[in-house]
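Data first, discussion second: the structure below is written as structure tokens.
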Amino acid sequence: MWGRAYEVFSFWVMAGLRNSRAKGKRLDRPKVVADVDRIANLRAQGRSWPDVAAELGTGRKGIAQRAVAGLPKIV
């Protein structure tokens, strides 16, 4: 039932993506640069992950934890 409609829809979506790429549009999420030293500094002061994320303007479980994955755990 949906086979042909899916093919047509898929064709137009792929054509639109191809068109956007040809025009030089970025199709992925914007890159976020993390200041690892600042994150480590805030954590060393005893700030929680939500506090660090709010300070940096990122998500709580986002860039802050990924940026310092290699740093020692602060207890």
Side-chain angles (χ1 to χ4, degrees):
M1 180 176 160
W2 290 102
R4 179 71 179 139
Y6 179 81
E7 287 177 21
V8 171
F9 183 72
S10 178
F11 172 79
W12 285 111
V13 168
M14 297 307 276
L17 290 172
R18 224 179 5 257
N19 206 10
S20 293
R21 284 190 193 104
K23 292 179 181 176
K25 303 244 184 208
R26 300 264 330 216
L27 299 176
D28 53 353
R29 290 184 178 203
K31 302 294 181 220
V32 177
V33 179
D35 184 359
V36 177
D37 294 331
R38 188 165 174 213
I39 293 170
N41 223 355
L42 290 169
R43 288 291 291 163
Q45 293 172 11
R47 306 275 299 270
S48 67
W49 281 116
D51 289 343
V52 172
E55 177 92 16
L56 298 175
T58 64
R60 179 171 57 106
K61 296 217 180 230
I63 193 71
Q65 287 180 328
R66 284 193 299 267
V68 295
L71 292 177
K73 188 173 183 179
I74 300 170
V75 181

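The first residue of the sequence shown is numbered 1, and numbering continues consecutively from there.
Of all heavy-atom pairs spanning Leu42 and Glu55, the tightest one is CD1-CG, 3.7 Å.
Listed by chain and residue number, Lys23 satisfy the side-chain contact (heavy atoms from CB on, under 4.5 Å) test with Asn19 (two or more places apart in sequence, or in another chain). Taking the side-chain contact (heavy atoms from CB on, under 4.5 Å) definition, one finds that Arg21 meets it with Leu17, Leu27, sequence neighbours left out.
The main-chain N or O of Ala22 is never found under 3.5 Å from a side-chain atom of Arg18 such that the two would form a donor-acceptor pair.
Tyr6 and Phe9 fall into different hydrophobic clusters, where Ile, Leu, Val, Met, Phe, Trp and Tyr are joined by side-chain heavy atoms under 4.5 Å apart, directly or via other members.
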